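When reading the values below, keep in mind they use all heavy atoms of this one structure, side chains included, and skip hydrogens, waters and symmetry mates. Because the structure is a prediction, the values reported are computed rather than measured. Start at 1 and go down the list; that is how both ligands and their atoms are numbered.
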Amino acid sequence: MNVLTRTWEKLAARELEKSRETAERRWRPKFHAAPPVGWLNDPNGLCQYQGVYHAFYQYSPFDVKGGLKFWAHCTSRDLLHWSFEGTALAPDEPFDCHGVYSGSALVENGQMVLYYTGNVKQAGDYDYIHTGRESNTVCAAGADGFHFDGKKLLMTNQDYPEDLTCHVRDPKVWKQDGRYYMVQGARTAEDKGVVLVFESEDGLDWKYRSRLETEEPFGFMWECPDLYEVDGRTVLSISPQGVEADGLRYNNVYQSVTVFLEEDFRTGKVNGKFRELDAGFDFYAPQSFAAEDGRRIQIGWMGMPDAEEYYTNRTVEDGWQHTLTLPRELSVRDGILCQNPVRELDAWWNVFTPFENTYSETPGDCFELELTEIGESVRLTLAGGLLLSWKKEEGIFWMEFTDKKLGAGRTRRGRRTEKLTDLRVIVDVSCVEVFLNGGKDVFSTRFYPDTEGISARLQAPGSRGRLCLHKEKK
Ligand code: FRU
């Protein structure tokens, strides 16, 4: 550990102590991971190691609006309750001094190896797109899953293809057929988003192998790629920047989409249709991992970069900003990648109130409202100002803030939904995630109720459902 590492650790711990003394607890979720202080963005290094779930995330402890990035670390045994474990990686080397950017974890041979991008902005008059930025690929290993010493610089800009800008980042690494593979997001000099595929025999010495791209550009940069198998399909997940809004689609500043790859990822192209992973306001840069029981679990950043012009987060007043989404189990049904809350959540609810057609209570600030039968329409108002609605004749599911302050500037999002067979609305203090039709469509948003408890008023003639709560056992 060098003197810079020790100094950063001390300063980050001091920031945490200060926040413990003054912290406002309002709007802190109960089962979504959130930073104790400062700013959170992308989930990183997701894995299960020796039975324990580990999630790291992009963390700026000193600035609630972002800034110099560290990896924060948190652990969980049930994917719902997360303990903050401090900072795992700090910007403390010449090759990562302007940010330990996003990446992934590889669990193998009694080690957890973290791969990430070391961001360096050279001093001078640069645009930091075409010149002036180093995007270094770095790894650090730890046998206990908590301490990562001996960072190794694996690749620099010289190791990437020549037709790219300096924007190359976010390595996702996995092992397949006895070899190691890595995908990274990149922006070409012609402003086209692409995914680079690298290959290695030992996880240390990497060679560029091929790229995944569309014929026509789909945005100028693809961030945070992920590539995995679910139910026999190969999924490419990317977070593109620069995609134009198209009717109800692509209405956020940036997007997160998936596409099924029909050919081998090492040789093939991206031919299929992209599908947005989330139709709400707050979802970006998702990553996935394989749990020890074989489930493919995805976690996203429940936030949006560069959205301040449109909407904000009222927790900034309290010195922290953003959360991760609930971990979601991935599956493929009817040719669609489905996301559903991890089954640990179903097991956690222990008080159930069935209802038919209507429901109108203030059940608390953490609950799930579930509809298992649905008629011709649904109108659910949360906290008096977040309306979730659907009418069969219109065939669109809407998430709409009728109270401006509640949504802190968020307005309306919709998704074409001809049929609505089931609905799950999960509320956790300031986080709302809505799952439609067995997880085929999802809407995520933050909201900021000023009341004690969150009201739920439902009118859905012909429906059946239940309200789920967790009560501590005495
Ligand atoms: C996505 C992203 C990544 C980058 C990280 C930096 O939100 O821009 O591409 O590694 O955030 O915090």
**OP:** Hey, could you give me the CD/NZ distance between E17 and K10, rounded to the nearest 0.5 Å?
**Re:** 14.5 Å
**OP:** Find the distance between CG (L236) and CZ (F265) and round it off to the nearest 0.5 Å.
**Re:** 11.0 Å
**OP:** Consider every N or O of N41 and every N or O of ligand 1, then say whether any pair is closer than 3.5 Å.
**Re:** yes
**OP:** Assert yes or no for the condition that the ring centre distance of W301 to W39 is strictly below 6.0 Å.
**Re:** yes
Original post:
Among V100, L40, D42, which residue places a heavy atom closest to atom 5 (C) of ligand 1?
Top reply: D42
Original post:
Hey, would you say the W174 and Y180 ring centroids sit under 6.0 Å apart?
Top reply: no
Subject >> C431 side, atom SG; D282 side, atom CG - distance, nearest 0.5 Å >> reply: 8.5 Å
**OP:** Below 4.0 angstrom from a heavy atom of Y284, which ligand 1 atoms are there? Numbered from 1 as shown, please.
**Re:** 1 (C), 7 (O)
**OP:** Please write down residue, atom name and distance for the protein heavy atom closest to atom 12 (O) of ligand 1.
**Re:** Q58 OE1, 2.6 Å
**OP:** Would you confirm whether the ring centroid of Y254 sits within less than 6.0 angstrom of the ring centroid of F283?
**Re:** no
Subject >> Atom indices of ligand 1, in the order listed, that fall short of 4.0 Å to a heavy atom of D170 >> reply: 3 (C), 4 (C), 9 (O), 10 (O)
Subject >> Heavy-atom gap T117 to ligand 1 smaller than 4.0 Å >> reply: no
Original post:
What is the closest protein heavy atom to atom 8 (O) of ligand 1, and at what distance does it sit?
Top reply: E223 OE2, 2.7 Å
**OP:** Apply the side-chain contact (heavy atoms from CB on, under 4.5 Å) test between D441 and each candidate in R416, R415, E276; give the one that qualifies.
**Re:** R415
Subject >> S102 neighbourhood, listing ligand 1 atoms whose heavy-atom distance to it stays under 4.0 Å >> reply: 5 (C), 10 (O)
Subject >> N or O contact, R169 vs ligand 1, cut-off under 3.5 Å >> reply: yes
